[in-house]
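Here the structure comes first, spelled out in structure tokens, and everything after it is commentary.
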2 protein chains.
Amino acid sequence: MRMSNGPPQVKNTAFCSTSSLLDEMKLLGEVHASSAPKKALNSELWHACAGPLVSLPQPGSLVYYFPQGHSEQVSASTRRSANPEIPYYPNLPSQLLCQVHNVTLHADKETDEIYAQMTLQPVNSEADVFRVPDFGHTKSKQPTEFFCKNLTASDTSTHGGFSVPRRAAEKLFPQLDYLAQPPNQELIVRDLHDNVWTFRHIYRGQPKRHLLTTGWSLFVGAKRLKAGDSVLFIRDDKSQLLLGVRRSNRQQTSSPSSVLSADSMHIGVLAAAAHAAANRSPFTVYYNPRWQCPSEFVIPLAKYHKAAYTQVSIGMRLGMMFETEESNKRRYMGTITGISDFDAQRWQNSKWRKLQVEWDEAGYDERPERVSSWEIETPESLFVFSPLRTYTKVQKLGSVGRSIDVTRFRNYDELKSSIACMFGLEGRLDDPRRSEWKLVYIDYENDVLLVGDDPWE
Amino acid sequence: MRMSNGPPQVKNTAFCSTSSLLDEMKLLGEVHASSAPKKALNSELWHACAGPLVSLPQPGSLVYYFPQGHSEQVSASTRRSANPEIPYYPNLPSQLLCQVHNVTLHADKETDEIYAQMTLQPVNSEADVFRVPDFGHTKSKQPTEFFCKNLTASDTSTHGGFSVPRRAAEKLFPQLDYLAQPPNQELIVRDLHDNVWTFRHIYRGQPKRHLLTTGWSLFVGAKRLKAGDSVLFIRDDKSQLLLGVRRSNRQQTSSPSSVLSADSMHIGVLAAAAHAAANRSPFTVYYNPRWQCPSEFVIPLAKYHKAAYTQVSIGMRLGMMFETEESNKRRYMGTITGISDFDAQRWQNSKWRKLQVEWDEAGYDERPERVSSWEIETPESLFVFSPLRTYTKVQKLGSVGRSIDVTRFRNYDELKSSIACMFGLEGRLDDPRRSEWKLVYIDYENDVLLVGDDPWE
DNA sequence: TTGTCGGCCGCCGGCCGACAA
DNA sequence: TTGTCGGCCGGCGGCCGACAA
């Protein structure tokens, strides 16, 4: 990583930009356009719409910002890759250490497409960190009271209503009075924009099933849902029903902007970051998790450091999580076939998409040919002691595991021997035949390491 | 105006960027996204939708590009004015002499909102001009076979069809067979995207009137038209019917971009222009004529020079054209109350919006407090020999006038005496009582000066 | 000349169980 | 368990002239 030196008056500018930052924070509580005050979007619902793989950095935390990744998002939006003739910004490193100042959740009024706005402030090192007050922003994980259904032709046709999967209705909806003839109730549900939708929920037919009838077609029409799109329901902490929409990839419109040319947008990304880097002043980015190239370009430091613990080499096997069409996680396996600069011309020695991968399953459904080291799991990064296919279960381990602070360790060996000591497993961690402790898993988002045996077996 | 000096190897870079420009031109014939080949939009229809006040520069011509104006368009789109903390580009002058390389017409697939894409190449002076081949692009004026109607509640309700103003039906639609009972026909009409719409045109009712019935509601639904929006019909050179849409100002949605922050967009505008200026390389801008701040930021040289001929001073009367709610031109009168830098901090000595104006009619309907000298008409710039209120008629004079090349003259006096000489009017042009030649009018778009008497009186 | 309304008719939106995947 | 279909009923989409601005 290239480090750019801050100007001599770093302290001063940092102070200036901090006060303007606070102004900005006040503004953020208010409106984007000048209309009625806007409530913050429901975080659980936002994350449910975002899918299981999307996580956002915590306000106050440190991240690396990758201009290349940001530029890729612009390319995906404009459907034009960056013009090679746009100017160079020699003072802009390929990764920029930043403190996250705030993260706000948004959704497009028209399409319900979710995105996040982040304000990042470049810092020289962790020592520079200005502690921002905690605005009560808590990490929101994928809700457990959740279901997501891919809409069928029947669900979206004008001919009928919505067929509710049985488990979903029983887990999420208020209990029906099954003695009534027929059993039915009125559901009151809110979407991301806090619009209220009411649906008639009825249990009828031969055989019996749960259906949403009256009110459903209004919703389909308003959101312009098509077969293949998904709807999801969650119950929030006040056990209010909420619903969201995920459009199929095919449905992604994202018409080219009529505001700014693709070139100017790419230049804007780079110039804004370069200016912020030079002055240590905050800058604002939007992150659209559900677009074609879903690589995050704001990487939490802990997640980034994971990659530093791991040695990768050509021929090494790797796993990587993707979202399935049914909105679940699924790990795809592959082999590292090359390690090189993704863009040797413009971003020499950048860590962005440095690894070339050949995927075991060459589905027409596109997986990237190039990935970054922090996106993948390697045998070492996962401390493999058991077959890879069981890992998804481990990620549900949570409470039965034990945790230690990963950041205390300077390298993999220190970490490993400390784990072994902690659990009385000296010498046994490296031996795949001793399987009392089958699984070890790092939860990078929470900076903790979980150890436990497989509770499912 | 500040002039920035080109680098020593100007010739070289100019050559390089020219060849890339030709590549770009080839690309422009193809698609924006990678789908089926796209036909060029109908220019007459585009201009009809744009309204009577919008004109675009000719490919190959010289213009001044104003970064401030471009930035204002971004502000209008994001509804956020430029952050004062965005970086300075000391090498970017407030106006940039450019050659227009191409102009392509576009319309948003979703909203039919029109916009134009222009590629501009900065040049040092007129001598630098690289003559681009003429792609047969001809200037398209407001079509004469044209009508535009503001939609009423009845027009857009689901209850009925569209009431066609009588003159419009008789001038534009194919003649009905008035012997039929009732007289009716099927109209086949295309929109900007070349979609075909068919309407039943019927002449019925008591008293008789022209109506569009079957097919109309589909169109209203698809375009999401509301009362207050306008539709317009034109007949092209092959006497095909075309129709377009103009949304009411109230209806302008333009939700904030989820791609780039407003700051990054503003920076992108400035950095792209600065880079293009430094390298004399082409850059691309989008111009959205129908947005809130409709000031053009790409000004034809002839129009710009007009302002140089004219002296403005505080207290001077001025006229300026605006579009009325009925999509007609209307001149509003005002008084110059100040002449000063619009943004003395960032754009010192810029000519952009240098004039402060107090308008005679302080309608709630917003007219700008500040304008640029080339946007206005002053008594001198119009060579006033007759009351202002007749000028709109003169602009229809066209063929009965005579023309001379305005650009030959270095100042107003030279121009005036040459006109006088040309028409044998020495000494009489300045005398308001000698009225054989009542009116003199400059058609800035065509670089010609028209002289004639008022054919309407 | 043309905007809005009441009247009226027929199509399709929408609720139902049958049936099969 | 749930996707699709045929049946069937009623509300509203949509065509009409009356009437008035």
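Everything numeric in this text was worked out from a predicted model, so none of it was measured. Below, chains carry the letters A, B, ... as their sequence lines are ordered, and counting in each starts from 1.
Ring pair Phe199(B)/Trp197(B) is parallel by interplanar angle, where below 30° counts as parallel and above 60° as perpendicular. Classification of the Phe233(A)-Phe147(A) ring pair by plane angle, with boundaries at 30° and 60°, yields parallel.
When the C1' atom of dT2(C) is taken as reference, atom CG of Asp155(B) falls 10 Å away, rounded to whole Å. One interatomic measurement links the two molecules: CG of Asn150(B) to P of dT2(C), which rounds to 14 Å at whole-angstrom precision. Put simply, OH on Tyr203(B) is 16 Å from C1' on dC16(D), counting in whole angstrom units. If you measure from atom NE2 of His210(B) to atom P of dG17(D), you get 14 Å, rounded to the nearest angstrom. Atom CG in Leu212(A) sits about 12 Å away from atom P in dC16(C), given to the nearest Å. Lys208(A) has its NZ atom 12 Å from the C1' atom of dA18(C), to the nearest Å. Atom NE2 of His159(A) and atom C1' of dC9(D) are 13 Å apart (whole Å). Across the protein-nucleic acid pair, Leu218(A) atom CG and dC12(D) atom P stand 11 Å apart, rounded to whole Å.
Nucleic acid contact class of Lys149(A) (heavy atoms, under 4.0 Å, all strands): sugar-phosphate only. Leu211(A) comes within 4.0 angstrom of nothing in the nucleic acid, heavy atoms only. Residue contacts for Pro165(A): at a heavy-atom cut-off of 4.0 Å it reaches the sugar-phosphate backbone alone, with no base atom in range. Here Thr213(A) lies in heavy-atom contact (under 4.0 Å) with sugar-phosphate atoms only. Using a 4.0 Å heavy-atom criterion, one finds that Ser217(A) contacts the sugar-phosphate atoms exclusively. Using a 4.0 Å heavy-atom criterion, one finds that Arg209(B) contacts the bases of the nucleic acid, with or without backbone contacts as well.
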Exercise. Passes side-chain contact (heavy atoms from CB on, under 4.5 Å), Met320(A) versus Trp359(A)? Steps please.
Worked result: CA-CA 10 Å; Met320(A) 187 168 158; Trp359(A) 298 100; 3.7 Å; yes
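Look at Thr158(B) and you'll find a side-chain N or O under 4.0 angstrom from OP1 or OP2 of dG13(D). In this model, the phosphate group of dT4(C) is approached by a side-chain N or O of Ser154(B) to a distance below 4.0 Å at OP1 or OP2. Between Thr214(B) and dC15(D), a side-chain N or O to OP1/OP2 separation shorter than 4.0 Å is present. Phosphate contact (OP1/OP2 of dC15(C), side-chain N/O of Arg204(A), threshold under 4.0 Å): absent. Note on Ser163(A): every side-chain N or O is 4.0 Å or more away from OP1 and OP2 of dT2(D).
The residue among Pro182(A) and Pro207(A) whose nearest nucleotide of DNA chain C is located toward the 5' end is Pro182(A). With the nearest nucleotide of DNA chain D identified for both Gly205(B) and Val164(A), Val164(A) has the one nearer the 5' end.
In summary, Glu323(B) and Arg246(B) engage in a salt bridge, as defined by a charged side-chain N under 4.0 Å from a carboxylate O.
Side-chain rings of Trp46(A) and Tyr115(A) stay apart, their centers remaining 6.0 Å or farther from each other.
Partner assigned to dC12(D) is dG10(C), using Watson-Crick or G-U wobble distances below 3.5 angstrom. Base-pair partner of dA21(C): dT1(D) (Watson-Crick or G-U wobble, both distances under 3.5 Å).
Side chain of Arg166(B), nearest nucleotide from dC15(D), dT4(C), dT1(C): dT1(C).
Lys149(A) forms a cation-pi arrangement with Phe162(A), by the criterion of a distance under 6.0 Å to the ring centre and an angle within 45° of the ring axis.
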